[in-house]
Amino acid sequence: MTDPETPATGWVPEQADEDSAEDDMPLSLRLSIADTLTLGNATCGFMAVYFTTTGILIPHLTGSGETGMARNSAATAVILMLLAAVFDLFDGIVARKLRSSPMGAELDNLSDLISFGLAPAYFVLVYGMVAVDADQKMSALAAIVVLLAVVLRLARFSCVTMKDGVFQGMPSPFGALTVVSIVLLELPFIPTLLAIIGVAWLMVSRVEYPKPRGVLAVAMLSWIVGAMGLLAAWAFDAPGGQLLLQTGCALQIALAATIPLFATTRKANTFRHNRREARASLR
């Protein structure tokens with residue numbers, strides 16, 4: 001005897017559930033415009049690793065290329081990291097103006113890990129293998145420190161809610177560009193190593209950095225385009241290209257050192273001001 005509440009064909013509800021699931025899945029997996037830009041970020045990071053390997057590391061290991069950091073390939077790798085930073089800048093703007101899919105935040109973190117964690121860390125690792133005065137093991141250690149700093153920074157970004165308009169710790173795109181600037185500046189090995197570790201520390205620090213919005217976003221984009229021009233001039237050995245690149249790298253490092261000092265000073269002044277007001281209110 002058949003239960004009247006039981007359908008005659010037991011597979012029909014299951015089929016209906018499958019059809020419903022198929023209808024739901026495209027909605028949750030559909031990529032927005034912002035997500036597409038984020039994937040462009042990841043692609044640039046991967047290609048930066050590719051050019052670092054094929055244009056710098058492999059020729060060095062096989063003895064088929066120039067010694068040291070090969071200009072064209074190094075410049076291409078860094079330009080790709082700069083392009084990744086452009087994608088990262090615009091995907092946030094587009095997500096705020098339009099929308100982002102439910103995967104947006106996860107895609108952004110994963111892409112940033114590739115472009116601003118793996119790519120610069122790998123760049124440091126290869127530098128330690130090809131530079132004449134570098135120590136390979138110490139460079140590998142510095143590369144691991146950079147990678148782990150970006151991992152920790154991105155994980156904290158997902159868990160900690162900050163006040164609107166600021167990041168806690170140096171943003172990973174800014175940190176990645178500072179790390180490669182230190183390498184391209186061709187300082188002695190020990191200062192290079194210490195500066196790289198210092199940048200990694202800033203990325204996991206509690207120093208507040210302003211988010212690139214409005215005028216600051218335009219300034220950042222202009223700076224990135226200018227940096228691409230400097231790298232191109234250096235890669236093609238233009239007159240004064242080496243000096244221009246060194247000047248650009250020095251400015252990037254100076255910004256990385258100045259912003260934390262400015263932010264810390266401003267925070268200390270705000271704290272003193274609030275303490276004076278609190279004392280005044282008790283009188």
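Only heavy atoms go into these numbers, but all of them, side chains included; no hydrogens, no water, no symmetry mates.
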Could you walk me through whether Lys211 and Phe167 pass side chain to side chain contact (heavy atoms under 4.5 Å, CB included), step by step?
-> CA-CA 6 Å; Lys211 290 185 177 181; Phe167 291 115; 3.4 Å; yes
Inspect the surroundings of CG in Leu39 and state if more than 12 heavy atoms from other residues, nucleotides or ligands are less than 6.0 Å away.
-> yes
Determine whether more than 12 heavy atoms belonging to other residues, nucleotides or ligands lie under 6.0 Å from atom CD of Glu106.
-> no
Honestly curious: do Leu243 and Leu187 fall in one hydrophobic cluster under the side-chain, below-4.5 Å linking rule?
-> no
Give a yes or no on whether the backbone of Gly169 and the side-chain of Arg206 come within a donor-acceptor separation of less than 3.5 Å.
-> no
Can you find a pair of side-chain heavy atoms, one from Ser139 and one from Leu125, that are under 4.5 Å apart?
-> no
All side-chain hydrogen bond (donor to acceptor under 3.5 Å, both in side chains) counterparts of Gln246, not counting sequence neighbours = none
Verify the cluster assignment for Phe87 and Leu110: are they in a single hydrophobic cluster under the rule of side-chain heavy atoms below 4.5 Å apart?
-> no
Is any side-chain heavy atom of Leu154 less than 4.5 Å from a side-chain heavy atom of Ser172?
-> yes
Check salt bridge (charged side-chain N to carboxylate O under 4.0 Å, His left out) between Asp133 and all other residues, then give those that pass, not counting sequence neighbours.
-> none
Backbone of Trp234 reached by a side-chain donor or acceptor of Arg71 within 3.5 Å = yes
With the 4.5 Å side-chain cut-off for hydrophobic clustering, are Val180 and Leu244 part of the same group?
-> no
Start with the C-alpha distance between Val49 and Phe123, add both sets of side-chain angles, then the distance that settles side chain to side chain contact (heavy atoms under 4.5 Å, CB included), and finish with yes or no.
-> CA-CA 8 Å; Val49 173; Phe123 197 79; over 6 Å; no
Working to the nearest 0.5 Å, report the span between CG of Leu141 and CG of Leu193.
-> 7.5 Å
Calculate, to the nearest 0.5 Å, the distance between atoms CD1 and CG belonging to Ile114 and Asn109 respectively.
-> 11.5 Å
Minimum-distance pair of heavy atoms, taken over all atoms of Leu147 and Leu118 | CD1-N, 3.8 Å
Side chains of Leu83 and Met228: does their closest heavy-atom pair fall under 4.5 Å?
-> yes
Looking only at non-hydrogen atoms, find the nearest pair between Gln168 and Arg156 and report the distance.
-> O-NH2, 2.9 Å
Backbone N or O of Leu202 within a donor-acceptor pair of the Ser205 side chain at under 3.5 Å?
-> yes
Heavy-atom check, side chain of Thr52 versus side chain of Leu57, under 4.5 Å = no
In terms of heavy-atom contacts, Cys249 and Leu184 come closest through SG-CB, 3.8 Å
Spacing of OG1 belonging to Thr247 relative to CD belonging to Gln252, to within rounding of 0.5 Å | 13.5 Å
Test item: Asp135 and Phe189 side chains (from C-beta on) under 4.5 Å apart, heavy atoms | yes
Nearest heavy-atom approach of Pro171 to Arg153 is CA-NE, 3.6 Å
Do Leu82 and Val86 pass the side chain to side chain contact (heavy atoms under 4.5 Å, CB included) test, and can you show the C-alpha distance, the side-chain angles, and the key distance before you say yes or no?
-> CA-CA 6 Å; Leu82 288 165; Val86 173; 5.8 Å; no
By side-chain hydrogen bond (donor to acceptor under 3.5 Å, both in side chains), Asp91 pairs with (sequence neighbours left out) Thr38
State, without any angle test, whether Ser111 and Asp108 hold a side-chain donor-acceptor pair at a distance under 3.5 Å.
-> no
Do Ile190 and Ile182 share a hydrophobic cluster, counting only Ile, Leu, Val, Met, Phe, Trp and Tyr and linking them when any side-chain heavy atoms are less than 4.5 Å apart?
-> yes
With sequence neighbours left out, what residues match Asn41 under side-chain hydrogen bond (donor to acceptor under 3.5 Å, both in side chains)?
-> Asp112, Ser115
Taken to the nearest 0.5 Å, the spacing of Thr192 OG1 from Leu185 CG works out to 7.5 Å
Minimum-distance pair of heavy atoms, taken over all atoms of Gly175 and Val199 | O-CG1, 3.6 Å
So with a 6.0 Å cut-off around CZ of Phe174, is the heavy-atom count from everything else above 12?
-> yes
For Leu148, the hydrophobic cluster (side chain heavy atoms closer than 4.5 Å, chained through members) also holds Ile144
What's the verdict on side chain to side chain contact (heavy atoms under 4.5 Å, CB included) for Leu221 and Phe90, showing C-alpha distance, side-chain angles and the deciding distance?
-> CA-CA 10 Å; Leu221 182 61; Phe90 278 102; 3.9 Å; yes
Ile58 to Thr54 - nearest heavy-atom pair and separation | CD1-CA, 4.2 Å
Kindly work out whether a path of hydrophobic side-chain contacts (I/L/V/M/F/W/Y, heavy atoms less than 4.5 Å apart) joins Val204 to Val207.
-> no
Report, as yes or no, whether the 6.0 Å neighbourhood of atom CZ on Phe46 holds more than 12 heavy atoms from other residues, nucleotides or ligands.
-> no
CE (Met138) and CD1 (Ile196) are apart, to the nearest 0.5 Å, by 11.0 Å
Gap separating the SG atom of Cys44 from the CE atom of Met81, nearest 0.5 angstrom | 11.0 Å
Does Thr53 reach the side chain of Tyr122, with side-chain heavy atoms less than 4.5 Å apart?
-> yes
Linking Ile, Leu, Val, Met, Phe, Trp and Tyr through side-chain heavy atoms less than 4.5 Å apart, which residues share a cluster with Phe116?
-> none
